[in-house]
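Below is one structure; the comments refer to it alone.
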2 protein chains.
Amino acid sequence: MTAPRRVIASAVDRLGRAFTIDDLVAEVRALAPSVGIATVYRAVAAMEAAHAVERVGTRDESALYVRCTADGHHHHLVCTGCGLVAHATCPLDDVPPLHGTEGFVVTAHELTLYGLCAGCATEVSPASELPRS
Amino acid sequence: MTAPRRVIASAVDRLGRAFTIDDLVAEVRALAPSVGIATVYRAVAAMEAAHAVERVGTRDESALYVRCTADGHHHHLVCTGCGLVAHATCPLDDVPPLHGTEGFVVTAHELTLYGLCAGCATEVSPASELPRS
DNA sequence: AGCACAAGTGATAATCATTCTCACTATGGA
DNA sequence: TCCATAGTGAGAATGATTATCACTTGTGCT
């Protein structure tokens, strides 16, 4: 609607990849230096509520977002090399219930996959530390 | 080793369930009121490094921990009713690679399952809001 | 076009979990 | 026993996120 929101939306498009609020603020300010941080937070919250963007995790203690490119239930592939985030279909739909779930009614789940994207996998750098489990 | 660490370890045992640092501080101070918050943070960090405890997620923006009861690769069932956390074997080991992973080398993953434990499932309360996806 | 109201904005202060600093103390080996 | 080292506690510092507040912009109505 308003000018700042338009700038923020186009900055999200320009970035393409996953971004933190700081990344986005930097991109936004390249176009409109007067935009405040609070406004960026509010715009991202609004976009998240409108499913235009989704939170995919955390990097260095600050939230990571991506533009929504898929509808419905899906998960994320996070490249630990470059931060690229891709979408993946849910692998659990066709799977029998887990061991250890006796009496437990599962209503939701979160799955995040870490690894290297095609680009980063061909490079030889083994130094990366994101994942757990 | 030291007295505060012993108190903290036994407080973790007493709690049994998943806990935030605040929960743990309250339990610890019931036994030893003089223990500082920083000490609890440090002790939990040490226990996590020693695999005596693991971080299983977030509740109200603060970290959730459970005592480690299983070795190796596993996942967590979080009851959105009472906060109980159980361990589950990994359902992905027997599953074909996901769609959408072309060229992506998956090296790690995180999975958390949300739902209601046997106790909470028998109660009728439908009000709970934790999960996403 | 003119107007009033609602929503959005920007700066700054506040909040809250977590971490750091620093002076002090307990621990465990020699 | 004595000392180096790790642990401790209080409070300050940090850093991401949110709230506040006065002001502006956009919208719908006339």
Side-chain angles (χ1 to χ4, degrees), chain A residues 1-12 15 17-66 78 83 85 112 129-130 132, chain B residues 1-12 15 17-66 78 83 85 112 129-130 132:
Chain A
M1 302 186 170
T2 66
R5 297 260 166 136
R6 262 177 264 121
V7 172
I8 291 166
S10 83
V12 168
L15 281 169
R17 55 183 174 74
F19 57 88
T20 62
I21 298 292
D22 270 358
D23 296 336
L24 184 54
V25 167
E27 186 72 19
V28 164
R29 289 204 167 152
L31 303 172
S34 70
V35 174
I37 292 175
T39 298
V40 175
Y41 272 100
R42 282 182 292 231
V44 169
M47 293 171 82
E48 191 182 4
H51 300 288
V53 122
E54 58 191 322
R55 178 180 293 169
V56 295
T58 287
R59 181 168 65 203
D60 299 333
E61 300 303 301
S62 70
L64 252 193
Y65 296 87
V66 245
V78 179
V85 175
T112 305
E129 63 267 37
L130 261 187
R132 239 187 330 136
Chain B
M1 302 188 170
T2 66
R5 297 262 166 134
R6 260 178 265 121
V7 172
I8 292 166
S10 83
V12 168
L15 282 169
R17 56 184 174 72
F19 57 88
T20 63
I21 296 293
D22 269 359
D23 297 336
L24 184 53
V25 167
E27 186 70 21
V28 164
R29 290 203 166 155
L31 303 172
S34 69
V35 173
I37 293 174
T39 298
V40 174
Y41 272 100
R42 282 183 291 229
V44 169
M47 292 172 84
E48 191 181 4
H51 301 288
V53 124
E54 59 191 322
R55 178 181 292 169
V56 294
T58 286
R59 179 166 68 203
D60 299 333
E61 300 302 301
S62 70
L64 252 194
Y65 296 87
V66 245
V78 179
V85 176
T112 305
E129 64 267 34
L130 261 185
R132 238 187 331 133

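Both backbone and side-chain heavy atoms feed into the values below; hydrogens, waters and symmetry mates do not. To find a chain, count down the sequence lines: A is the first, B the second, and so on, and within it residues start at 1.
When the side-chain contact (heavy atoms from CB on, under 4.5 Å) test is applied to B/R5, the partners found at least two apart in sequence or on another chain are B/T2, B/R42, B/A43, B/A46.
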Please list, for nucleotides 8-15 of chain C, all pairs of protein and nucleotide N/O atoms separated by less than 3.5 Å.
unit_1 : atom_1 : unit_2 : atom_2 : d
C/dG8  : O3'    : A/T2   : OG1    : 3.0
C/dT9  : OP1    : A/T2   : OG1    : 2.5
C/dT9  : OP2    : A/R5   : NE     : 2.9
C/dT9  : OP2    : A/R5   : NH2    : 3.2
C/dG10 : OP2    : A/G36  : N      : 3.4
C/dG10 : OP2    : A/T39  : OG1    : 2.7
C/dG10 : N7     : A/R42  : NH2    : 2.6
C/dG10 : O6     : A/R42  : NH1    : 3.3

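Contact annotation: the side chain of A/F19 never approaches that of A/V25 to less than 4.5 Å [non-hydrogen atoms, C-beta and beyond]. Under the 4.5 Å side-chain criterion, counting only non-hydrogen atoms from C-beta, B/V66 is not in contact with B/R17. The closest side-chain heavy-atom distance from B/I8 to B/T39 is below 4.5 Å. For the pair B/V56/B/T112, no side-chain contact is recorded, criterion being any heavy-atom separation below 4.5 Å from C-beta on. In this structure, the side chains of B/L64 and B/T58 stay at 4.5 Å or more apart for every pair of heavy atoms.
Here C/dT18 presents its C1' atom at 13 Å from CD of B/E61, a figure rounded to the nearest Å. Rounded to whole Å, atom P of D/dG7 lies 13 Å from atom CZ of B/R6. A straight line from OH of B/Y41 to C1' of C/dC16 spans 9 Å, rounded to a whole angstrom.
Bending across the helix from C/dA1-D/dT30 to C/dA30-D/dT1, expressed as the angle between its end axes from five pairs apiece, amounts to 30° (10° rounding).
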Can you list the steps and then say if A/R29 with A/I37 is a side-chain contact (heavy atoms from CB on, under 4.5 Å)?
CA-CA 10 Å; A/R29 289 204 167 152; A/I37 292 175; 4.0 Å; yes

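We find the CD-CD distance between A/E48 and A/E54 to be 8.5 Å, quoted to the nearest 0.5 Å.
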